[in-house]
Amino acid sequence: MLVLESSGNLVLYTGVVRVGKVFIPGLPAPSLTMSNAMPRPSTPLDSVSTPTPLSKLLGSLDEVVLLSPVPELRDSSKLHDSIYNEDCTFQQLGTYIHSIRDPVRNRVTLELSNGSMVRITLPEIATSELVQTCLQAIKFILPKEIAVQMLVKWYSVHSAPGGPSYHSEWNLFVTCLMNMMGYNTDRLAWTRNFDFEGSLSPVIAPKKARPSETGSDEDWEYLLNSDYHQKVESHLLNKSLCLSPLEVSQMKDEDVSQNLSLDSSTLLFSHIPAMFFVLHLVYEELKLNTLMGEGIHSLVDLLVQLARDLKLEPYLDHYYRDYPTRVRTTGQVCTIDQGQTGFMHHPSFFTSEPPSIYQWVSSCLKGEAVPPYPYLPGICERSRLVVLSIALYILGDESSVSDEPSHYLSRITPAPQKSQAEQEENRFSFKHSPSVSSLAERLVVWMANVGFTLRDLETLPFGIALPIRDAIYHCREQPAADWPEAVCLLIGRQDLSKQACEGNLPKGKSVLSSDVPSGTETEEEDDGMNDMNQEVMSLIWSEDLRVQDVRRLLQSAHPVRVNVVQYPELSDHEFIEEKENRLLQLCQRTMALPVGRGMFTLFSYHPVPTEPLPIPKLNLTGRAPPRNTTVDLNSGNIDVPPNMTSWASFHNGVAAGLKIAPASQIDSAWIVYNKPKHAELANEYAGFLMALGLNGHLTKLATLNIHDYLTKGHEMTSIGLLLGVSAAKLGTMDMSITRLLSIHIPALLPPTSTELDVPHNVQVAAVVGIGLVYQGTAHRHTAEVLLAEIGRPPGPEMEYCTDRESYSLAAGLALGMVCLGHGSNLIGMSDLNVPEQLYQYMVGGHRRFQAGMHREKHKSPSYQIKEGDTINVDVTCPGATLALAMIYLKTNNRSIADWLRAPDTMYLLDFVKPEFLLLRTLARCLILWDDILPNSKWVDSNVPQIIRENSISLSEIELPCSEDLNLETLSQAHVYIIAGACLSLGFRFAGSENLSAFNCLHKFAKDFMTYLSAPNASVTGPYNLETCLSVVLLSLAMVMAGSGNLKVLQLCRFLHMKTGGEMNYGFHLAHHMALGILFLGGGRYSLSTSNSSIAALLCALYPHFPAHSTDNRYHLQALRHLYVLAAEPRLLVPVDVDTNTPCYALLEVTYKGTQWYEQTKEELMAPTLLPELHLLKQIKVKGPRYWELLIDLSKGTQHLKSILSKDGVLYVKLRAGQLSYKEDPMGWQSLLAQTVANRNSEARAFKPETISAFTSDPALLSFAEYFCKPTVNMGQKQEILDLFSSVLYECVTQETPEMLPAYIAMDQAVRRLGRREMSETSELWQIKLVLEFFSSRSHQERLQNHPKRGLFMNSEFLPVVKCSIDNTLDHWLQAGGDVCVHAYLSGRPWEESQLSMLACFLVYHAVPAPRHLPSVGLEGSTSFAELLFRSKQLSVPVRALLRLAPLLLGDPQPMAL
């Protein structure tokens, strides 16, 4: 904390301890009046960012006031005497610091007395990572007060004006630290040579205070002893000039070394052992980070000095084995008084054997018992990670990563500072992941939870990282689909991590949405189908142009072709009339197209919020060839029905609105903004509102706007709005919507309320709306009212007299929805006798006395319609039949189903309209859901015997005559019952693409087509046959929904071309709805068979089609769009994660077993429509081309549903060496196929140029480019090139590109050893760990379990490496190395030149240190057997003993191996 004292000084405090004054260069410091001019200035200013005028002011001030004289740090013995906290008296000068403000971390603003401000940054406590880590460790181990004092001193030295550069910060730190321990750093050889270059500060520049300008002999000595001199001596030039090496006078140093002793009165003297130990742990920690090599070198020097002085031989030996060239056998020792050693505090955690992380891992791999490894919480985190992961993966101890303290680690604790340590421990608490089966998975999930990333893995040395990489390799094959993003990134499955990452994002625009802005249509007019995703459709239907064909059939924005031949007897005027009549026929078709187009483009577009939604216009003109003259209906030559286009426009609006995807971002303002200016477009806007309800956006429309639209009294707008709002609030029983709907239904208003004049169609829409809002709730009051409304009698004043059928049907459908699937469990409704009442509505009989509050209304009968007190079955039957079907849906209730059986006597058949037989058959089959079978035998079984026996075959010419049989009735009943059964088949197998259902329905469709052209079709009546054909076609489309099946498309296309005769608006509507369902949502959507979906489809596909475009008598046309509620996204599109484009991938889909079939598997080539999710057990992306990926649905379908709702994007990742199915359909071009023929010479056969075919990894491509391409005159390098090529080949084929650096590092290390240039042994350690890992027991067991899934180094590479090292070391032994080893073991000095090779030998063969030998008595052994027996305790490997035997058995001749 920075404090401004009253005297104008800035002083830095930590807590209550004063650190020192802050000096800011360039500000007028108060002039110094003290003789000991030592105000501890402790900060240079890193950045002075000031307003401009001040910089000029500072410039001039700089010259005036500079803080002088500052003591030199060179004379560091004075560091202790300097008076830190001594105040100086100041005379105030003109400008001074007035106040401090705006502190942010280590930055603060000073306000000067002249009004200007300066922003200053206080320096960090240390900038280099090494110094920071060491400071943390020392601070952790020291008592608090001493730690604070130590830090204060360090900060003061570090932040002296001018400050050290990054390079010399470590040297400064060592000097400061050793001074505080009591060393005289000026007299110590290696610290005296510290080179503080790079610091611009005058403080550090002079080496010593010079007595004279002329220099002295010491300067020459200094030069000779410097590193610079040694570099020059070894220079080539030196050798070529034959300069003899200079004799460096060592005398002076030796003089010095005799009287070097430690000052025991210093601050840290008593804590030297503790500090030495924690610094050693920091050293072991740094060995686990390949980026900290420089830091380790610096740290070793300090540790060696301390170890010598503390006489810790084991530690010296340990450092020697790590860095043979840096640790000489002899060196300066600072004596510590024997008397003083008592003051040294040896902490309890200090071990005489140096803890070594490499040795610990090695012992684990060999299966030896290991002591717990000491670690510093919060500082040695890598060591902790490595220890725990090895314990988990190699020793197989699952408890090692659990929350309780591990017995593999011993935590070092200074004083009782428990709380912080506990927090540290909790940071790593392991959240149990839902699906972890093996140790490898456990390890990977734990590491990801701890925050370990791929970047960290890359900086671990390769031998240590190998077990972790092995675990990752095992997990990569079959990861669980529900792993979090971090785990997927760690195992290198970008496909999964991207999926996990997308899964957390809100639904927005997906990868696949087409990015065609609506303003950039091509020259042609917009036909409303431009925004389809061509990329995915071209993958699904790649063989042909069926999508273009569908677009052509469904477009209604271009004029139609009116082809009429002018016969000679026709006058021109008559010819024009003829053309217009023909056009009128064609327009019946054009007006029916938008419903189908809405299905085709369902949810395919994300609107731009700043533009209105483009609604393609409905074009009802024609062009007559050959001159292409325009034919128009408005010429007045023929009568055109009034309001002919109103419903067509409504459907057009719905189709445009349904293009908007549910995930689009739109709001109330945008909906209102789309309101058209012209009144004639109001119908389209009404449809648009309904569509917004169906895709869930209408809930965003403000209530105010809703009422605004309803009060306009526009009939269409009200219909669209009421149905839309209800669909958006499906099954919610939302009160505000209920009120809205009730206003439009007289039966739901209190008896005394004002009679509102609500248009009939709006009432119908409102009744269906009530059904939607209360769907599946079995709400008693609603059900009661709707039940009564089915049979609502006509009123006296002509009300309720027109189109009663559609109202009754709507009430029946609504009642069915409210009690959907409840069957006999209708709680609290037994007194309503719902099924009996419905049965009566269905078969007729006396009207029951109306109960309830609406008695009054029905007292006086209608004056026009004389129904008496019987039920008009023609009105009530359809609604009641479908209500029964929906209430008992899928309940398999036989008694109810028998009510619906078709009559089996001629007498009874005469009482039922043949059309109603279709509904009864449909209802009966929906109730007996599980009995439906996809074959024609089952379809025929629905036909009563009397009809089957007497039905005429339609192809016969002669009609059999019979008195008591009415053939017309029989044949009509026959076709309608068959159609009803077919429709139920369509519902049962909706969206399943069931082949037998398809074949069965296709056969019946074909039959009906033949019947139509049969000579005696007139008996049945063409209208009836057309109706049945349309119903069968719709059933066929339902089964094949979204699949775009060609046979169905051909049927639709054939029927599209039929325009004359019986073909009216309704049939065209049915045929194009079938076409739309076939390509639902451009192949992205399919139909569901849930109860709710079936209810919606019953409304949409009600099998009575309008006769003309304004016909709503039997069924409200707007309900045709409710199919949206049954559509669900089921298209799974694999997207290649590297290229981000859709591609083909092989899926294996596993079905759950059911009563009809066992559990089965099926292979599908995605992109494909999945079956309904509740039928599936799991979905798997199969190899070999893509990485496998499993989505398990037995744990819940939520994950897959979220994928499907976001355009079904499933990220997949191509395996190395594989091409996509598009580029290589048969799989013949992949890398492995090329080299199967010549497996032996694969390295040569592998051309680096071809690598781009197997991997897109830029690192591998560059490696192949720069390291594997042969050039001219290769010579020696050819061998290395071959090696690199084969290594690259192996990495690519085995899918382990991350092993490439390890291969190369091993190869380089072996070559360096062969050249005897090993200056440090860490790489040898790594190779040793790799070899030990592959021979470890845990690895062998894994190989037995998964023989095919071994790790990457399964080639001949490892044995070669091992052999080369053995050879090199054995050659060295024979060439005189054995003398060296003998000298080492007996503790005598040996040659300097052999330092590094000896260390390599000791490390590689794990030779014990000489201090261990006497205890076992190896020296005295007489035979190899005895030697072997005695060395058991030291766990010396037999390979090493064989090489040591000649020495230990007293026979130090060079070995002949």
Side-chain angles (χ1 to χ4, degrees), residues 320-322 324 358-359 361-363 365-368 461-463 466 1279-1280 1282-1283 1286-1287 1302-1336 1339-1340 1351 1353-1385 1390 1393-1409 1418 1424 1427-1428 1431 1434-1449 1451-1457:
Y320 162 67
R321 289 180 183 216
D322 278 350
Y358 290 167
Q359 188 57 56
V361 174
S362 172
S363 305
L365 290 169
K366 287 191 223 151
E368 298 166 3
F462 62 87
L466 188 68
E1279 176 221 354
I1280 295 191
D1282 285 349
L1283 175 80
S1286 59
V1287 163
Y1303 272 121
I1304 292 170
M1306 287 172 78
D1307 177 60
Q1308 296 294 303
V1310 172
R1311 288 173 196 276
R1312 216 172 290 132
L1313 184 68
R1315 295 196 300 268
R1316 315 262 170 111
E1317 289 173 10
M1318 277 278 203
S1319 61
E1320 49 188 81
T1321 57
S1322 61
E1323 281 175 322
L1324 203 56
W1325 258 116
Q1326 298 312 312
I1327 295 178
K1328 191 175 157 190
L1329 291 176
V1330 169
L1331 296 170
E1332 281 170 355
F1333 172 73
F1334 281 108
S1335 54
S1336 69
H1339 185 70
Q1340 297 302 329
L1351 235 166
M1353 296 199 164
N1354 51 4
S1355 62
E1356 305 78 52
F1357 187 71
L1358 281 181
V1360 171
V1361 166
K1362 191 173 170 189
C1363 203
S1364 314
I1365 297 177
D1366 283 348
N1367 282 344
T1368 308
L1369 290 176
D1370 291 347
H1371 281 311
W1372 173 76
L1373 264 187
Q1374 289 169 359
D1378 50 350
V1379 182
C1380 236
V1381 176
H1382 201 262
Y1384 170 79
L1385 290 177
W1390 63 91
S1393 61
Q1394 303 283 13
L1395 274 175
S1396 58
M1397 284 307 281
L1398 174 61
C1400 291
F1401 180 82
L1402 299 178
V1403 165
Y1404 184 70
H1405 287 304
V1407 179
L1418 286 187
F1424 185 69
L1427 194 62
L1428 195 58
S1431 66
L1434 286 180
S1435 67
V1436 184
V1438 178
R1439 291 170 43 234
L1441 267 186
L1442 281 169
R1443 288 164 172 83
L1444 292 175
L1447 309 176
L1448 295 174
L1449 295 174
D1451 180 18
Q1453 270 89 41
M1455 305 186 299
L1457 281 177

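Note that these values count all heavy atoms, side chains included, but never hydrogens, waters or copies made by symmetry. Here the structure is a predicted model, which is why all the values come from computation and not from measurement.
For Tyr320 against Ala1399, the heavy-atom pair with the smallest separation is OH-N, 3.6 Å. The two residues Leu1313 and Thr1368 have their closest heavy-atom pair at O-CG2, 3.5 Å. Across all non-hydrogen atoms, the minimal contact from Leu1324 to Cys1400 is CD2-O, 3.4 Å. What you find for Met1397 and Trp1372 is that their closest heavy atoms are CB-NE1, 3.3 Å.
Considering only heavy atoms from C-beta on, Tyr358 comes within 4.5 Å of Pro461 through its side chain. Side-chain contact between Cys1363 and Asn1367 is present, with heavy atoms from C-beta onward closer than 4.5 Å. When side chains are defined from C-beta on, Lys1362 counts as touching Asp1366, because their heavy atoms get closer than 4.5 Å. Between Leu1398 and Pro324, the closest side-chain pair of non-hydrogen atoms is not below 4.5 Å. His1405 has its side chain within reach of Leu1369: a pair of non-hydrogen atoms, C-beta onward, lies under 4.5 Å apart.
Remark: Arg1311 engages Asp1307 in a salt bridge, criterion side-chain N to carboxylate O under 4.0 Å.
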- Would you sort out whether Thr1321 and Leu1402 count as a side-chain contact (heavy atoms from CB on, under 4.5 Å), showing the intermediate values? CA-CA 10 Å; Thr1321 57; Leu1402 299 178; over 6 Å; no

- Task: Step by step, work out the side-chain contact (heavy atoms from CB on, under 4.5 Å) result for Ser1286 and Phe1357.
- Result: CA-CA 10 Å; Ser1286 59; Phe1357 187 71; over 6 Å; no

- Query: Where do Phe1334 and Leu466 land on the side-chain contact (heavy atoms from CB on, under 4.5 Å) test, with the steps shown first?
  - Reply: CA-CA 10 Å; Phe1334 281 108; Leu466 188 68; 3.7 Å; yes

- Let me see the working for Glu1320 and Asp322 under side-chain contact (heavy atoms from CB on, under 4.5 Å), right down to the final yes or no. CA-CA 6 Å; Glu1320 49 188 81; Asp322 278 350; over 6 Å; no

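With values rounded to the nearest 0.5 angstrom, Ser1335 atom OG is found 9.0 Å from His1339 atom NE2. Rounding to the nearest 0.5 Å gives a distance of 11.0 Å between SG of Cys1380 and CZ of Phe1401. The CG atom of Asp1378 lies 11.0 Å from the CG atom of Leu1385; values are rounded to the nearest 0.5 Å.
Evaluation of the side-chain hydrogen bond (donor to acceptor under 3.5 Å, both in side chains) rule for Glu1317 yields Arg1315 as partners, not counting sequence neighbours. Residues that satisfy the side-chain hydrogen bond (donor to acceptor under 3.5 Å, both in side chains) test with Gln359, not counting sequence neighbours, are absent from this structure. With sequence neighbours excluded, the residues that form a side-chain contact (heavy atoms from CB on, under 4.5 Å) with Ser1364 are Val1310, Val1360. By the side-chain contact (heavy atoms from CB on, under 4.5 Å) test, Ala1309 pairs with Met1318, Glu1323, Ile1327, sequence neighbours left out. With sequence neighbours excluded, the residues forming a side-chain hydrogen bond (donor to acceptor under 3.5 Å, both in side chains) with Tyr1384 are Asp317, Arg321, listed by chain and number.
Within the structure, salt bridge (Lys or Arg N to Asp or Glu O under 4.0 Å) pairs that include any residue of residues 1324-1335 comprise Lys366-Glu1332 (at least two apart or interchain).
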